[in-house]
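In what follows, residues are counted from 1 in the order of the sequence shown. We count ligands from 1, going down the list as the structure has it; atoms in each ligand are counted the same way.
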Amino acid sequence: MNKKLKTKNSYLVQLPLIAERNRGNLSFCESKKQIPFNIKRVYWIYKVPVNQKRGGHAHKKTEQVLFCLQGSIRIELDDGIHKDSIILNNPNIGIFLGRMLWHEMEDFQKNTILLILASDFYKERDYIRDYNTFKKLTQK
Ligand code: TYD
């Protein structure tokens, strides 16, 4: 079951888990099912030095679901009004990041691997990288 968060346009995505005795685990997701959009892009983030932050932006239209496949991170969410601070450390649980959600990933454990599924191709013009600009847009 998905769990809503305080910040708008965000929730935790719980994936099916097939845990077979002696064979290990398998999780999966599909477009328009566990992932609420058609997946157009997949990218992954790895070899992040401990103490390094990533993210620090919002997307105007692109939606994403982020999974921590290995290791652990803390993700800070901010919709301009409400904030959330979530630890992701289970490959079976992702976080949906909808439109206009400022997010920062920090507290990377060594050897952490993040997998991100995105609703659109990479377009720099879809990013808001300045927090004050983001804040103004969300106060309208
Ligand atoms: P960025 O989204 O800023 O990374 P993070 O959110 O982890 O801090 O992207 C870092 C760089 O990679 C930036 O120059 C844009 C480039 N990039 C692509 O070319 N394609 C992509 O799909 C992504 C996500 C980033």
Participant: Here's a test for you: under side chain to side chain contact (heavy atoms under 4.5 Å, CB included), which of Ile86, Leu66, Ile95 qualifies with Ile73?
Facilitator: Leu66
Participant: List the protein residues in contact with ligand 1, where contact means a heavy-atom separation under 4.0 angstrom.
Facilitator: Arg41, Tyr43, Ile45, Arg54, Gly55, His57, Tyr122, Tyr127, Arg129
Participant: Heavy atoms, side chains only, cut-off 4.5 Å: are Leu114 and Val48 in contact?
Facilitator: no
Participant: What are the two closest non-hydrogen atoms of Trp44 and Leu115, and how far apart are they?
Facilitator: CE3-CD1, 4.2 Å
Participant: Using a distance-only test with no angle check, is there a side-chain donor-acceptor pair under 3.5 angstrom linking Thr7 and Asp84?
Facilitator: yes
Participant: Below 4.5 Å, heavy atoms only, C-beta onward: do Lys61 and Asp120 meet side chain to side chain?
Facilitator: no
Participant: Output yes when Asp126 and Lys60 qualify as a salt bridge under the 4.0 Å nitrogen-oxygen rule, no when they do not.
Facilitator: no
